[in-house]
K.L.:
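The structure follows.
Ligands are counted one by one from 1 in listed order, and the atoms in each one are counted from 1 as well.
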Amino acid sequence: MVKTLPNDFIFGGATAAYQAEGATQIDGKGRVAWDSYLEENYWYRAEPASDFYHRYPIDLKLSEDFGINGIRISIAWSRIFPTGFGEVNPKGVAFYHHLFEECHKRHIEPFVTLHHFDTPEKLHKNGDFLNRDTIDHFVAYAKFCFEEFKEVNYWTTFNEIGPIGDGQYLNGKFPPGITYDLEKLFQSHHHMMLAHAKTVLLYKEAGYQGEIGVVHALPTKYPYNPNDKADQRAAELEDIIHNKFILDATFLGHYSKETMAGVRHILDNNGGHLDISDDDITILTAAKDSNDFLGINYYMSDWMSAFDGETEIVHNSKGNKGGSKYQINGVGQRRFDVNIPRSDWDWLIYPKGLYDQIMRVKRDYPNYKKIYITENGLGYKDQFINQTVYDDERIDYVKQHLEAISDAIKDGANVKGYFIWSLMDVFSWSNGYEKRYGLFYVDFNTQERFPKKSAYWFKELAKSHQILDASSLNWPK
Ligand code: BGP
């Protein structure tokens, strides 16, 4: 039987300022840590990206034409406050007013993220979110945006506090490129969660009419051998690092006994000590019931076995299947010898993991209110043929994940929308322009857009709310 999605469901596309806008050095934008980091470590740059800074009217027109009624956009902090605080840059403010106006003109609801990986360079150099001053600067920036952009109805504080910490302090693929430092990882998670909680409190206390939430990436973690106690523990510990620590902070307002026991075990093995004060917990507790929604980004699951050897993480950034390695002393090792399809970048494709993750939030954090799937999609080396991309693999990936969402809704979860990553092709933080996700193909030389087969499929989906096969699609190519 064909599965369906509710009438009021949002069919959205997701973007992020740094990956989409380009225009990094104009109109008063301040530098971000990524500007030099890409130059020093990668083969691509944030220019031209998808030139969204100039071409957003085209992308929004296409979105409307293809049935999309929601868009995730992030504000580049350093367009508003070039150094992270102090003087406001009026051109940055004007740009976002125009962008939001165009969204509404096209009947596309903007879901606006305040921070999507792009801390201003000056704050980054001062320790980024390891420095508690950054929390205050973030809250001040958020306050400015709430006052200024009254046309925004949906705010997200942070995109993916988990992967930011991973990239910065665990696998070292994000600036400042530190590896295997689990103390910094948890401390940064904690400070970002504090910044989130303070911002939510401020928003609610000021009585703004819109909604506010946070977006977490929640990859589901399973034991490699489900009957092996040590593998079960490895999955639990991995889950604490990537999911449970930040979910606890969001919805419990403290870190549960099991979470803290896991964190202590991880830090005993890897060194480190956390600074979490009673005052911090008071703030988290005060905010825990004020999240209007949780955004879940879900791409993959992992299978874990116990591991006590030397920590080593190898990132497969070029899409050479089989190139990844991930093992943390006293935590576990990711296993790839499982019978699960995987992408060229070694992401294990498991739609049931999304169902399980949604149901876990419903079960363990019953004060979650509602969920949007704020990112999901397939990174692929698209072939551009006949002015389009025959991306049946992507359609199949999205279809299976939407079916998992439909099942979760049937089983009582309150999921209100789905934003495909990504709306149009953008570059990938640590994998460049070759890893494409978009509904709209972008020729990065000319910046022309071409709807892929998946865009036509998504249009049908948004119209009918039925999750159909790619083969049933009637499309012009
Ligand atoms: C999420 C980010 C996005 C996007 C996506 C795909 O972590 O929020 O910005 O990049 O993942 O990941 P990647 O680009 O690494 O393939």
Side-chain angles (χ1 to χ4, degrees), residues 12-21 32 34 37-38 41-44 46 49-50 52 71-77 111-119 156-168 170-175 189 192 213-219 242-243 246 294-302 313-321 323-324 326 342-349 354 357 372-382 393-394 397-398 401 418-439 442 444:
T15 69
Y18 197 66
Q19 289 170 285
E21 287 175 0
V32 298
W34 282 94
Y37 197 75
L38 287 181
N41 296 281
Y42 290 103
W43 65 96
Y44 50 89
S50 319
F52 189 66
I71 182 172
R72 280 191 70 213
I73 288 170
S74 78
I75 294 181
W77 184 348
F111 284 65
V112 180
T113 305
L114 289 161
H115 182 279
H116 194 128
F117 297 0
D118 53 350
T119 305
T156 294
T157 52
F158 290 102
N159 177 74
E160 296 196 350
I161 287 169
I164 297 170
D166 289 1
Q168 293 191 301
L170 186 59
N171 63 44
K173 288 291 149 193
F174 289 6
H189 286 180
M192 292 183 87
V214 64
V215 166
H216 290 323
L218 301 175
H242 300 280
N243 304 325
I246 50 179
L294 168 68
I296 298 182
N297 292 356
Y298 176 86
Y299 292 90
M300 63 184 151
S301 290
D302 293 301
I313 300 176
V314 179
H315 176 66
N316 161 12
S317 65
K318 296 264 170 99
N320 298 324
K321 211 181 224 179
S324 305
Y326 179 103
R342 67 170 136 158
S343 77
D344 285 345
W345 287 264
D346 296 319
W347 291 16
L348 294 174
I349 300 170
L354 176 55
Q357 196 60 257
Y372 293 99
I373 304 307
T374 35
E375 282 182 33
N376 173 251
L378 181 65
Y380 206 74
K381 295 171 191 158
D382 286 346
E393 293 84 357
R394 180 170 294 115
Y397 177 101
V398 173
H401 286 82
Y418 174 92
F419 295 76
I420 191 169
W421 182 267
S422 47
L423 179 65
M424 65 292 188
D425 290 334
V426 298
F427 77 88
S428 161
W429 299 97
S430 55
N431 312 283
Y433 288 82
E434 291 77 14
K435 193 179 188 188
R436 292 174 182 265
Y437 285 90
L439 288 179
V442 176
F444 290 110

K.L.:
Who's the nearest protein heavy-atom neighbour of atom 6 (C) of ligand 1, and how far?
P.N.:
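Ranked first by proximity to atom 6 (C) of ligand 1 is Tyr437 OH, 3.5 Å.
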K.L.:
When you compare ligand 1 with Asn159, is there at least one nitrogen or oxygen pair between them that comes in under 3.5 angstrom?
P.N.:
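Among all N and O atoms of Asn159, at least one is under 3.5 Å from an N or O of ligand 1.
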K.L.:
Select one of side chain, backbone, both or neither to describe which atoms of Tyr18 lie under 4.0 Å from any atom of ligand 1, heavy atoms only.
P.N.:
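It is neither part, as no heavy atom is under 4.0 Å.
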K.L.:
Checking a contact table here: which protein heavy atom is nearest atom 15 (O) of ligand 1, and how many Å away?
P.N.:
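Minimum-distance protein heavy atom for atom 15 (O) of ligand 1 reads Asn431 ND2, 3.2 Å.
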K.L.:
Write out the residue and atom name of the closest protein heavy atom to atom 2 (C) of ligand 1, then the distance separating them to 0.1 Å.
P.N.:
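Going atom by atom, the protein heavy atom closest to atom 2 (C) of ligand 1 ends up being Glu375 OE1, 3.4 Å.
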K.L.:
How far is atom 10 (O) of ligand 1 from its nearest protein heavy atom, and which residue and atom name does that atom have?
P.N.:
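For atom 10 (O) of ligand 1, the nearest protein heavy atom comes out as Gln19 NE2, 3.1 Å.
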K.L.:
Nearest protein heavy-atom contact for atom 14 (O) of ligand 1: which residue, which atom, what distance?
P.N.:
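Protein heavy atom at minimum distance: Ser428 OG, 2.5 Å.
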K.L.:
Please name the residue in the list Trp421, Tyr433, Tyr437, Tyr18 that meets the side chain to side chain contact (heavy atoms under 4.5 Å, CB included) test with Val426.
P.N.:
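It is Trp421, the one option of Trp421, Tyr433, Tyr437, Tyr18 that forms the side chain to side chain contact (heavy atoms under 4.5 Å, CB included) with Val426.
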K.L.:
Please indicate whether any nitrogen or oxygen in His116 is less than 3.5 Å from any nitrogen or oxygen in ligand 1.
P.N.:
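Among all N and O atoms of His116, at least one is under 3.5 Å from an N or O of ligand 1.
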K.L.:
Number the atoms of ligand 1 from 1 as they appear, then name those within less than 4.0 Å of a heavy atom of Trp347, with their elements.
P.N.:
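Within the 4.0 Å cut-off of Trp347, ligand 1 contributes 12 (O), 13 (P), 15 (O), 16 (O).
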K.L.:
What do we get for Tyr299 next to ligand 1 when only non-hydrogen atoms under 4.0 Å count, side chain, backbone, both or neither?
P.N.:
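Contact part for Tyr299 vs ligand 1: side chain (C-beta onward).
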K.L.:
Kindly indicate, with the supporting measurements, whether the criterion side chain to side chain contact (heavy atoms under 4.5 Å, CB included) is fulfilled by Phe117 and Val32.
P.N.:
CA-CA 10 Å; Phe117 297 0; Val32 298; over 6 Å; no
K.L.:
Taking side chain to side chain contact (heavy atoms under 4.5 Å, CB included) as the test, write out the residues that go with Asn431, two or more places apart.
P.N.:
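His315, Ser317, Trp345, Ser428, Lys435.
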